[in-house]
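Structure, as structure tokens:
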Amino acid sequence: MSEQTDINKNWKRVYDAASKIYGLKPWQWMKETDIFGIKIPGTTRNYFISVMGSLGEVTAITAYKGERALQMFWRLQEEDTGYLSSSFAAACRIFTIPQIMLDFVEEENLEPEEIERIKSSGGKTVEDKIWPVLDHYVPGFMPDAPDGKALDDAAIILEQCPHVFEKAREDENFLYPGDDMENHYLMRLIKEESGTEWKDAYKEVWAEPLTYNVRFPSFLLPQVKKRQKKQETVQIDLVMLPSPVKEGDIKPYYPFVLLVINKKTGIIQDFKMLTPLPDLDTMYESIPEKLLDMFLEGNSVPAEVEMRSDVLISLMEQLFDKAGIVLKRPSQMKVTDEAIEGMISHMGDR
């Protein structure tokens, strides 16, 4: 069987499953936080499924790839609701979580080329003028149609979802093993003894702590440490910009900006543009060097820093401690939110 035949077969599986899922309408009895897992046979890849649509705003099935993505999903649920009321702020979080999403979109909300993309892979409407749109989210990059392993996984995931949806409709406790089994999830997986037959099991799931390979010139930290600290508090945040960039054959990506904002005045003291190339983790690992450089170049090392990003805290917590900078994690960063909103608004006016 040719590679193209396999691709066509997988797209047919995807669209057949999409039609069945839309017919079930699981968002009518499931919430976004009713999470369950699917293990891809013969691999270590686990996906964690969330059903969106209970609020009536969107109807979609999202498969978050891996335990770390699951952790990021739960962290998103804990975010300040005022901050996430901004669709842009929410998008920043969503676009940095690896996932595969099946969205059901009204035709009027799709560009003609998107409809042609669906038709070219064998798709059709699941209801009058409702199209199934399957996208693969690689952190930091524009979502697009999955291929390779991502397409293989999508076909498996979407075929297994209806079983769980139907069971959850019959029994509202099906997804939950009990109060004494924290961090256990219903997992859909292949029976080892059969190799082809699926089963339901409750498995404990833990995400590995965030770790990064941080490298920077050895002289930077001592220089920051000995520099006199300015008695001020700055807020530091990492923001994904809303306009994607296309360079040559590189997949379109979203640029990021690292911001240093004076908490008292709300003024952006310094910033640095970043790109998620070759991948988002590599970009993250470059941040400590860039931030320490920003402090030294600006001749202003703050006595206190506030950050809310798990990634930034993981990268900078130990370095700030060694440099004698107090790090705090506030529940809200309204000054930063206002500065970001103003920056994005200004960019949109240009």
Side-chain angles (χ1 to χ4, degrees), residues 26-27 30-38 46-103 135-143 157 161 175-176 182-186 205-212 235-242 253-254 256-259 274 276 279-281 283-284 287 306-317 329-334 336-337 340-341 344:
W27 42 85
M30 292 180 68
K31 303 186 297 294
E32 189 174 357
T33 53
D34 290 332
I35 302 293
F36 63 92
I38 295 175
N46 293 322
Y47 288 83
F48 296 90
I49 316 304
S50 172
V51 176
M52 295 182 287
S54 61
L55 298 178
E57 297 176 355
V58 295
T59 49
I61 310 299
T62 299
Y64 295 107
K65 184 180 179 182
E67 291 75 9
R68 180 170 165 184
L70 175 65
Q71 183 186 58
M72 294 170 74
F73 165 83
W74 286 120
R75 177 64 183 140
L76 183 64
Q77 305 307 306
E78 299 168 0
E79 286 279 6
D80 172 36
T81 54
Y83 171 61
L84 288 182
S85 64
S86 159
S87 59
F88 167 70
C92 287
R93 296 295 188 266
I94 295 295
F95 278 56
T96 56
I97 304 178
Q99 63 191 274
I100 298 171
M101 178 186 290
L102 173 66
D103 198 359
D135 277 321
H136 182 208
Y137 287 65
V138 176
F141 292 81
M142 273 191 72
I157 291 163
C161 279
L175 295 176
Y176 299 97
E182 185 180 359
N183 293 311
H184 282 71
Y185 292 83
L186 172 76
V205 175
W206 292 96
E208 293 294 325
L210 286 171
T211 56
Y212 296 100
Q235 295 185 339
I236 299 175
D237 209 1
L238 182 67
V239 182
M240 187 187 81
L241 299 180
Y253 63 84
Y254 291 94
F256 288 72
V257 59
L258 181 64
L259 294 169
L274 307 174
D279 54 56
L280 196 61
D281 280 352
M283 185 195 82
Y284 287 154
I287 287 175
E306 294 183 351
M307 296 192 298
R308 61 184 164 198
S309 163
D310 289 334
V311 171
L312 291 181
I313 290 170
S314 175
L315 289 167
M316 300 304 305
E317 187 171 22
R329 182 173 186 165
S331 58
Q332 295 182 334
M333 287 173 47
K334 292 184 178 180
T336 289
D337 294 339
I340 292 171
E341 184 178 350
I344 299 300

Considering only heavy atoms from C-beta outward, does the side chain of [X] approach that of [Y] to under 4.5 Å?
X	Y	answer
I344	L241	yes
F95	Y137	yes
V138	P276	no
I157	I49	yes
N46	V205	no
Y254	M142	yes
W27	V58	no
L315	M307	no

Nearest heavy atoms of [X] and [Y], plus distance in Å:
X	Y	value
D103	A60	OD1-CB, 3.6 Å
T33	Y176	O-OH, 3.7 Å
A69	P98	CB-O, 3.8 Å
T96	M72	O-CE, 3.0 Å
G37	F48	CA-CD2, 4.0 Å

Donor-acceptor pair, distance only, cut-off 3.5 Å: does the side chain of [X] make one with the backbone of [Y]?
X	Y	value
Q235	T336	yes
Q99	I94	yes
S50	E32	yes

(message) Between K334 and D337, does any side-chain N to carboxylate O distance fall below 4.0 Å?
(response)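 Between D337 and K334 there is no salt bridge, as every charged N stays at least 4.0 Å from the carboxylate O atoms.
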
(request) Anything under 30° is parallel, anything over 60° is perpendicular, the rest tilted; go ahead and classify Y64 against F73. (result)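 The rings of Y64 and F73 sit tilted, inter-plane angle from 30° to 60°.
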
(request) For the pair Y212 and Y284, name the ring-plane relationship: parallel under 30°, tilted 30 to 60°, perpendicular over 60°. (result)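 Aromatic pair Y212/Y284 classed perpendicular.
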
